[in-house]
There are 2 protein chains.
Amino acid sequence: MTQKPLEKALPFYLQIQHEIKERIWQGEYKPGDRLFEAQLAKQFSISRSPVREAIRTLINEGLLSMNEKSQITVYKPTLKDVKDIYGCRIALESAAVALAAERATVAEIAELGSIIAGTEAAIEKNGKEEIVKWNTKFHEKIILISDNKRLKKLVDELQSLIYYYRLLNIEGEERGAIILKGHKEIFKAISERNPEKAAQCLMEHTKEDLKNLIHLIEGKEEIK
Amino acid sequence: MTQKPLEKALPFYLQIQHEIKERIWQGEYKPGDRLFEAQLAKQFSISRSPVREAIRTLINEGLLSMNEKSQITVYKPTLKDVKDIYGCRIALESAAVALAAERATVAEIAELGSIIAGTEAAIEKNGKEEIVKWNTKFHEKIILISDNKRLKKLVDELQSLIYYYRLLNIEGEERGAIILKGHKEIFKAISERNPEKAAQCLMEHTKEDLKNLIHLIEGKEEIK
DNA sequence: ATCCTGTCGGCTGTCGACACCTTAAATTTT
DNA sequence: AAAATTTAAGGTGTCGACAGCCGACAGGAT
């Protein structure tokens with residue numbers, strides 16, 4: 001009789017890591033903000049060691065950056081950076097969708113279908129938060145179907161770098177509808193088992209996204 | 001077990017990081033080998049803190065891995081892993097080469113040409129080490145031309161994960177020639193400013209590489 | 001002999017302290 | 001008053017120590 005293993009509290013350095021990431025995503029720490037080991041340690045009432053480790057990991061993931069003088073700041077994407085990241089995402093995700101179109105099981109295709117249904121419902125209600133959630137789900141599902149963990153990790157990391165803009169991207173009246181249209185095309189191509197077409201659709205869909213995003217960013221003048 | 005003296009210039013944790021990476025690449029630490037913080041610290045005559053940091057970073061880069069019990073081992077790629085990694089590389093590098101074909105300057109194309117010349121010379125001399133070096137240079141140059149730092153970082157990391165096999169891949173009589181042929185085709189496509197063709201060539205070239213690599217790995221039965 | 005259980009040693013997670021570097025403020029010098 | 005030099009403060013890099021967890025081993029009970 002197997003006994004469920006007792007849960008062990010996560011080590012501090014992991015908890016801190018998640019907490020800092022959360023704060024960045026929530027906008028509590030803004031791009032360019034400087035962070036201090038000692039200060040964080042005091043805040044969390046722990047020593048600097050776990051804080052240091054957490055920071056190191058986040059630097060590796062790209063969410064924090066360290067200059068020559070070892071000063072830590074919150075990652076601040078430039079416009080070129082956003083474009084570069086999207087370039088990578090397009091490359092990786094279009095490869096993923098091509099794989100998905102080849103190897104998706106009937107059940108998996110059905111799941112994708114229900115995600116699209118969910119998106120439609122969210123658009124009806126005009127729940128922007130929710131639309132974003134379904135949108136994310138759709139892309140994640142495709143990567144899952146492609147069954148390539150390495151690919152998933154890379155996309156996840158890229159995604160988290162521009163998490164700030166996730167919500168931005170459904171500003172504008174028709175964004176939800178446009179995104180849905182793109183997803184439907186991709187879905188169709190997968191259903192038809194047409195890898196090239198699926199990749200093509202996704203590429204256009206994502207480029208469209210990027211274009212919109214750039215437009216919004218330039219409008220806001222928040223990054224140059 | 002004397003240690004070559006550590007330079008004072010870089011912080012310890014960086015030196016250790018490089019040293020460990022080097023040892024993995026040199027085969028001193030083999031896939032699956034376990035590493036111990038305290039032991040390494042003693043070897044380098046420093047405390048555990050910098051060692052810990054170095055290990056953390058290498059874990060993030062994927063060269064080391066940590067199990068549930070926090071034990072550190074050298075990354076051991078599975079066959080599926082190698083395939084996945086190549087899948088990512090193909091996606092990223094073919095995107096890179098397409099960009100390169102669009103925006104390469106005349107000077108850059110010339111540089112690529114001289115790299116190919118270097119490869120030919122190396123093949124003449126049958127210098128396997130050297131062939132590998134030129135091969136790497138060719139791929140790196142393309143990525144540089146594509147002018148996408150993010151892409152470069154991702155490819156570099158993937159590359160380092162299977163660094164073990166860099167030499168493996170030119171085993172076999174005609175490998176050098178085959179690789180060269182692939183490079184020439186890619187080069188031609190870039191010269192013609194044909195992104196699609198360039199991407200197509202690179203994809204086939206890399207798939208060919210993977211196929212050969214899998215063959216060799218399966219022959220050696222070193223990883224399953 | 002087999003099975004428990006208490007003990008020991010090894011290893012990681014965390015801590016507090018200190019040395020050192022950089023930057024900015026304060027003081028002296030011309 | 002401006003420039004140069006010293007001093008102070010704030011932060012990072014490194015250290016040695018300790019606690020908790022885990023596996024190995026040994027000795028006693030069945």
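In what follows, chains carry the letters A, B, and so on, assigned in the order in which the sequence lines appear, proteins first and then strands, with residues in each chain numbered from 1.
The interatomic distance linking B:L14 (CG) with D:dT12 (P) rounds to 15 Å, in whole Å. Rounded to whole Å, the distance from CG on A:L35 to P on D:dG10 is 18 Å. Atom CZ of B:F12 and atom P of D:dG13 are 12 Å apart (whole Å). Taking atom CD of residue B:E37 and atom P of nucleotide D:dA17, one finds them 17 Å apart after rounding to whole Å. Nucleotide D:dG13 holds its C1' atom 8 Å from the CD atom of B:E53, rounded to whole Å. One atom, CD of A:Q39, and another, P of D:dA9, lie 19 Å apart when rounded to the nearest Å. The CG atom of A:L40 sits 11 Å away from the P atom of D:dG11 (whole-angstrom rounding).
Distance from the side chain of A:R52 is smallest for D:dT12 among the nucleotides D:dC18, D:dT12, D:dG23. You'll find that the side chain of B:K69 is closest to D:dG23, out of D:dT12, D:dT14, D:dG23.
Look at B:E208 and B:R175 and you find a salt bridge, because one of the NZ, NE, NH1 or NH2 atoms lies within 4.0 Å of a carboxylate O, short of that distance.
Note that CD of A:Q26 is 7.0 Å distant from OH of A:Y163, once rounded to the nearest 0.5 Å. With rounding to the nearest 0.5 angstrom, the OG atom of A:S70 is 11.0 Å from the CD1 atom of A:I55. Note: B:K141 NZ to B:T136 OG1 = 15.0 Å, rounded to the nearest 0.5 Å.
Relative orientation of the A:F138 and A:H183 rings is parallel, given thresholds of 30° and 60° on the angle between their planes.
Along DNA chain C, read 5' to 3', the first and last nucleotides having any atom under 4.0 Å from a heavy atom of chain B are C:dC11 to C:dT14.
Within the 4.0 Å cut-off from OP1 or OP2 of D:dG13, at least one side-chain nitrogen or oxygen of B:Y13 is found. Residue B:S49 has no polar side-chain atom (N or O) positioned under 4.0 Å from OP1 or OP2 of D:dG13.
A donor and an acceptor atom sit less than 3.5 Å apart, one in the side chain of A:R48 and one in the base of D:dG13.
In this structure, the side chains of A:H139 and A:Q159 stay at 4.5 Å or more apart for every pair of heavy atoms.
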